[in-house]
There are 2 protein chains.
Amino acid sequence: MGKPSDLVQGTLDLLILKTLTLDPMHGWAIAKRIQQVSGEVLQVQQGSLYPALHRLEQQGWIKARWAESETGRQAKFYVLTAAGRKQLEAEAANWSRLSAAINLIVSEA
Amino acid sequence: MGKPSDLVQGTLDLLILKTLTLDPMHGWAIAKRIQQVSGEVLQVQQGSLYPALHRLEQQGWIKARWAESETGRQAKFYVLTAAGRKQLEAEAANWSRLSAAINLIVSEA
DNA sequence: GCTGATACCTAGATTATCTACACAAGGTTG
DNA sequence: CAACCTTGTGTAGATAATCTAGGTATCAGC
């Protein structure tokens, strides 16, 4: 399983922002969803997740509000802001650019 | 140009190893080649390049020997070792796995 | 009452890469 | 011949993202 590394450095913000375009979600659910959608390949550790969420909130890309989760507990739900949507576009474009460039090299004859 | 970042963290070893499958090359040429093949998207700074080369050599994945470069100067040429070839395969597989997983998320409807 | 899942958080270590240097040889141009 | 650019190697220190490893609390199930 995911031995060598759980994430590609620099992509966590992108993954979180993208996941929040679907629905407002609390941190725990974001991590679960990333893991699930990636086929258990990507693992978001809590020590990466929460600092990242705070970072994104501080940048104004997401906003938090407390609400009741599916299990009936209080949880911090995050919503994407307009600026966050822009940031997501920029990060997605950058990821495309870089990953395509890397693939050019890796798949050289 | 490459404003947001010059590389994706964790991929430099892969890029170097892959580049060395073509020909033995000196560091400067490796950086130039990565930049060129990637369409000027990936930029390898010297401060990343040389430490990476030393790291790879210490791991036994590449071997160095001094020789004359195309310009007639002395340069350190690196060759891929058998272990390096294995490492390249592992890193390439890992990159495929992770980038595919990220793309699953990024390209969600 | 214990365990496991959910849900939040932080401190410190690790590690890759970048910035910004320094050095040297060779070629080119004024 | 002086200034400068390109090639080529290298290091020290800063930056920043992620991981490790802890901590707290609630709730469900046994």
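Letters A, B, ... are given to chains in the order of the sequence lines, protein chains preceding strands, and every chain is numbered from 1. Keep in mind that this is a model prediction, so the values were computed, not measured.
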Less than 3.5 Å between a donor and an acceptor, one on the side chain of Gln46(A) and one on the base of dC8(C), is that the case here? yes
Establish whether the base of dA25(C) is bridged to the side chain of Arg73(B) by a donor-acceptor pair shorter than 3.5 Å. yes
Would you say Thr11(A)'s side chain and Leu14(A)'s backbone share a donor-acceptor pair under 3.5 angstrom? no
Whole-Å distance separating the [atom1] atom of [X] from the [atom2] atom of [N]:
| X | N | atom1 | atom2 | result |
| --- | --- | --- | --- | --- |
| Arg33(A) | dA7(C) | CZ | C1' | 18 Å |
| Trp28(A) | dC27(D) | CH2 | P | 16 Å |
| Gln58(B) | dG10(D) | CD | P | 13 Å |
| Leu14(B) | dT17(C) | CG | C1' | 16 Å |
| Ile16(B) | dT9(D) | CD1 | P | 12 Å |
| Leu53(B) | dT9(D) | CG | P | 8 Å |
| Tyr78(B) | dG10(D) | OH | C1' | 10 Å |
| Gln45(A) | dT10(C) | CD | C1' | 15 Å |

With a cut-off of less than 4.0 Å, is there a side-chain N or O of [X] near OP1 or OP2 of [N]?
| X | N | value |
| --- | --- | --- |
| Thr71(A) | dT6(C) | no |
| Lys76(B) | dG10(D) | yes |
| Tyr50(A) | dC8(C) | yes |
| His54(B) | dT9(D) | no |
| Arg55(A) | dT18(D) | yes |
| Ser69(B) | dT7(D) | no |

Looking at every strand, decide which applies to Gly47(A) at a 4.0 Å heavy-atom threshold: base, sugar-phosphate, or nothing. base
Under 4.0 Å between any heavy atoms, over every strand shown, what does Gly27(A) touch: base, sugar-phosphate, or nothing? Just pick one. sugar-phosphate
Looking at the side chain of Ala75(A), which of dC18(C), dA7(C), dT18(D) is the nearest nucleotide? dA7(C)
When Thr11(A) and Trp66(B) are each assigned the nearest nucleotide of DNA chain D, the 5'-most assignment goes to Trp66(B)
Distance alone, cut at 3.5 Å: any donor-acceptor contact between the side chains of Glu91(A) and Gln87(A)? yes
Examine the side chains of Trp95(B) and Asn103(A) and answer whether a donor and an acceptor come within less than 3.5 Å of each other. yes
Heavy atoms of Leu20(B) and Met25(B) approach each other most closely as CD2-N, 3.7 Å
Just do the side-chain contact (heavy atoms from CB on, under 4.5 Å) check on Ile62(B) and Val79(B) with the steps written out, would you? CA-CA 5 Å; Ile62(B) 61 179; Val79(B) 206; over 6 Å; no
Does Glu70(A), at its CD atom, have more than 12 non-hydrogen atoms belonging to other residues, nucleotides or ligands within less than 6.0 Å? yes
Starting at the 5' end of DNA chain C and moving along, which residue's nearest nucleotide shows up first, Leu49(A) or Ser48(B)? Leu49(A)
